[in-house]
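These notes concern the structure reproduced below.
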Amino acid sequence: MGFWTLVEGLLLFVNAFAILNEDRFLTPRGLSFEATTGRGKSLKQQAVGLIYVAQYFRLPLIILNIIIIILKLVSG
């Protein structure tokens, strides 16, 4: 049961990143992809990269969400 809890938690975390709107949330806070490109890999640049990866993989994320929902409905 602990494994599924971890998977659901990670899925919620990635879903939260995937729905962030760049124009309304990220750019006013200086977290746009263009503003954080540079030579060094700071923690801020890595976090922005993670956000953009989550946004890029929206379709696989939707499919994974559907699979998890179906598994939860079937297994109880």
- Applying the 4.5 Å side-chain criterion to the ILVMFWY set and letting contacts propagate, would F3 and I67 be lumped into a single cluster? yes

- Item | Test applied, side-chain contact (heavy atoms from CB on, under 4.5 Å); reference residue, N65; option that passes from V14, L12, N15 | N15

- Query: For I70, which fellow cluster members are found when Ile, Leu, Val, Met, Phe, Trp and Tyr are connected by side-chain heavy-atom distances below 4.5 angstrom, either directly or through intermediates?
  - Reply: I62, I66, V74

- Item | Sequence neighbours excluded - salt bridge (Lys or Arg N to Asp or Glu O under 4.0 Å) pairs with any residue from residues 60-76 | E8-K72

- Separation between CG (L64) and CD1 (I69), nearest 0.5 Å, reads 10.0 Å

- Do you know the tightest heavy-atom contact between A54 and A18? O-CB, 3.7 Å

- Apart from F57 itself, residues in the same hydrophobic cluster as defined by side-chain heavy atoms under 4.5 Å: V53, Y56

- Message: With clusters defined by side-chain heavy atoms of hydrophobic residues (ILVMFWY) lying less than 4.5 Å apart, directly or transitively, does I68 cluster with L59?
- Response: yes

- Quick check: are there more than 12 heavy atoms from other residues, nucleotides or ligands sitting under 6.0 Å from CZ of R29? yes

- Query: Hey, what do you get for CG (L6) to CG (L11), rounding to the nearest 0.5 Å?
  - Reply: 11.0 Å

